[in-house]
Asker: 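Sharing a structure here in structure tokens format.
Lettering follows sequence order; numbering is per chain, from 1. Only this structure's heavy atoms are used, side chains among them; waters, hydrogens and symmetry mates stay out.
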Number of protein chains: 2
Amino acid sequence: MRKGELTHQTILETAVRLASRVGLQGLSIGGLAEELGLSKSGLFAHFKSKAELQVQVLEAATAVFTERVIRPALGKPRGEPRVRALFDGWLTWDRDKILEGGCIFVAAAAELDDAPGPARDTLVQSQRDWLDCLAQAARIAVVEGHFRKALDVEQFAHDQYAVMLGFHHAKRLMRDPQAEARARRAFDALVTAAHPPTS
Amino acid sequence: MRKGELTHQTILETAVRLASRVGLQGLSIGGLAEELGLSKSGLFAHFKSKAELQVQVLEAATAVFTERVIRPALGKPRGEPRVRALFDGWLTWDRDKILEGGCIFVAAAAELDDAPGPARDTLVQSQRDWLDCLAQAARIAVVEGHFRKALDVEQFAHDQYAVMLGFHHAKRLMRDPQAEARARRAFDALVTAAHPPTS
DNA sequence: GCGGAAAAAGCACGGCCGTTCTATGAATGG
DNA sequence: CCATTCATAGAACGGCCGTGCTTTTTCCGC
């Protein structure tokens with residue numbers, strides 16, 4: 001009962017990387033099996049269906065994301081440093097070798113936005129958690145006095161994520177070498193605007 | 001030579017709408033033919049390959065976008081009104097019935113960002129033109145004195161498009177009823193920050 | 001080290017894919 | 001009005017897809 005779960009996890013790791021390149025729909029069981037040196041049916045046995053595979057890929061990606069982006073940021077001081085750490089962490093995540101094809105959630109968002117089903121539900125929940133995480137970090141920054149009291153933290157989280165999406169577009173599609181600089185400038189402007197009134 | 005080009009255009013219209021739902025990859029020749037009541041081979045004859053179909057779909061979508069979004073904005077007064085018109089036009093575009101599945105360019109951007117080829121090249125060019133259009137509108141706003149002289153207009157265009165991408169995500173994936181309000185607030189903040197120093 | 005269980009492979013299926021070739025029908029120009 | 005071109009349909013192909021079923025191999029507790 002141990003060997004099975006091990007390969008199961010190995011499959012998911014490879015699947016996440018592959019899916020970031022070819023998308024969730026483009027992730028085929030045959031292709032994934034070949035990449036792993038397994039038989040198609042042997043791999044299929046781990047998941048009862050392709051839909052289940054897609055859900056588990058998203059869950060696995062969420063787990064990696066939490067480990068790689070959210071948890072390190074939680075180690076940073078409460079307030080603005082943590083808000084900035086979440087932003088930096090996401091930039092690093094989108095650049096990670098694990099994701100040769102860029103953030104898998106951004107790719108999945110475009111694929112699934114009109115495809116009702118368990119995969120979409122899983123993605124939406126994951127993204128909601130992420131936005132809540134961003135908003136909560138901003139809320140703490142308000143409490144700490146780094147951000148102004150009247151700040152709409154959900155709006156801030158929304159705007160912060162929009163900058164990330166803009167970065168993804170500029171970097172991965174447009175191959176803009178200035179993508180990261182542009183994103184940082186946009187985010188800095190957001191943070192500055194969130195600061196308490198100076199005078 | 002007339003009948004052919006007519007159906008050719010009809011095919012592309014339907015293809016654009018369908019592709020906005022299922023994506024460029026998901027757009028199958030068989031499915032498209034059925035939607036139009038044509039035979040698969042009869043439709044295929046209009047395009048020498050699926051890659052060519054994808055390119056022409058993107059070109060057709062760009063033409064519609066230019067007609068529906070850019071041209072009306074060019075009728076607005078130079079400066080901030082035109083900048084705002086481009087933003088409003090995009091919001092309307094993303095909501096249009098033509099695009100049941102949301103902006104086809106956003107969907108294609110995620111699909112093609114790691115798929116080199118003519119389709120990707122076509123999309124990149126279209127997006128570059130769009131960003132240039134946004135930047136140029138901002139540049140005019142600087143000349144008109146609506147925006148401050150030192151404004152980085154390319155950065156402004158980048159940030160403006162990021163807001164649009166954030167809107168698309170919030171609206172189409174998250175189904176956030178506040179998506180449009182959030183986007184307008186974010187864009188207003190951008191415009192306000194672009195204004196000349198008040199004092 | 002053996003026997004049962006779990007994991008993987010092998011094989012076959014129906015289905016849709018893009019693509020090609022051939023035939024037939026309709027539109028068009030002289 | 002007729003001949004020619006052009007637009008569409010039909011059938012067939014090899015290929016990959018997801019998915020079951022059966023067999024073989026591998027693992028693991030006793």
Asker: With a non-hydrogen cut-off below 4.0 angstrom, is A/A45 in contact with a base, only sugar-phosphate, or nothing?
Answerer: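 Nothing, no heavy atom under 4.0 Å.
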Asker: Assess whether a salt bridge exists between A/R84 and A/D188, defined as any Lys/Arg side-chain N lying under 4.0 Å from an Asp/Glu carboxylate O.
Answerer: yes
Asker: Rounded off to whole Å, could you give me the CG-to-P distance for the A/L32 and D/dC16 pair?
Answerer: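 It works out to 16 Å between those atoms.
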Asker: Side chains of B/T66 and B/R71: does their closest heavy-atom pair fall under 4.5 Å?
Answerer: no
Asker: Over how many whole Å does the gap from A/L6 atom CG to D/dT26 atom C1' extend?
Answerer: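 To the nearest whole Å, that distance equals 14 Å.
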Asker: Is any N or O donor-acceptor pair between the side chain of A/S39 and the base of C/dG10 shorter than 3.5 Å?
Answerer: no
Asker: For B/I11 and D/dT8, give me the distance from atom CD1 to atom P, rounded to whole Å.
Answerer: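 Those two atoms, CD1 and P, are 7 Å apart.
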Asker: Rounded to whole Å, how long is the line connecting atom NZ of B/K50 with atom P of C/dC16?
Answerer: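 Atom-to-atom, B/K50 to C/dC16, this comes out as 15 Å.
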Asker: Round to a whole Å and report the spacing from CD of B/E5 to P of D/dT8.
Answerer: 11 Å
Asker: For A/E34, does the CD atom sit with more than 12 other heavy atoms under 6.0 Å from it, leaving out its own atoms?
Answerer: no
Asker: Between P on D/dA9 and CD on B/E34, what's the gap in Å once rounded to a whole number?
Answerer: 13 Å
Asker: Give a yes/no on whether any side-chain N or O of A/H8 is located under 4.0 angstrom from OP1 or OP2 of C/dA7.
Answerer: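 So the side-chain polar atoms of A/H8 never come under 4.0 Å of the phosphate oxygens OP1 or OP2 of C/dA7.
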Asker: Looking at C/dT19, I'd like to know if its phosphate oxygens (OP1 or OP2) sit under 4.0 Å from a side-chain N or O belonging to B/S41.
Answerer: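 Indeed not, no polar side-chain atom of B/S41 lies that close.
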Asker: For B/Q9 and D/dA7, what is the distance between atoms CD and C1' respectively, to the nearest whole Å?
Answerer: 17 Å
Asker: Same cluster or not: are A/F47 and A/L36 linked, directly or through other Ile, Leu, Val, Met, Phe, Trp or Tyr residues, by side-chain heavy atoms under 4.5 angstrom apart?
Answerer: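 Result: yes, single cluster for both.
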Asker: Can you check the B/F44 CZ to D/dT8 C1' distance for me, whole Å?
Answerer: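 That distance rounds to 14 Å.
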Asker: Side-chain donor or acceptor of B/K40 under 3.5 Å from a matching atom on the base of D/dG10?
Answerer: no
Asker: Taking only the side-chain heavy atoms of A/I29 (C-beta and beyond), determine which of D/dT8, C/dG18, D/dG18 contains the nearest atom.
Answerer: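 It is D/dG18.
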Asker: Any salt bridge between B/R182 and A/D159, counting N to O under 4.0 Å?
Answerer: no
Asker: Look at the side chain of A/L38 and decide which nucleotide, out of D/dG18, C/dC17, C/dA9, has an atom nearest to it.
Answerer: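 It is C/dA9.
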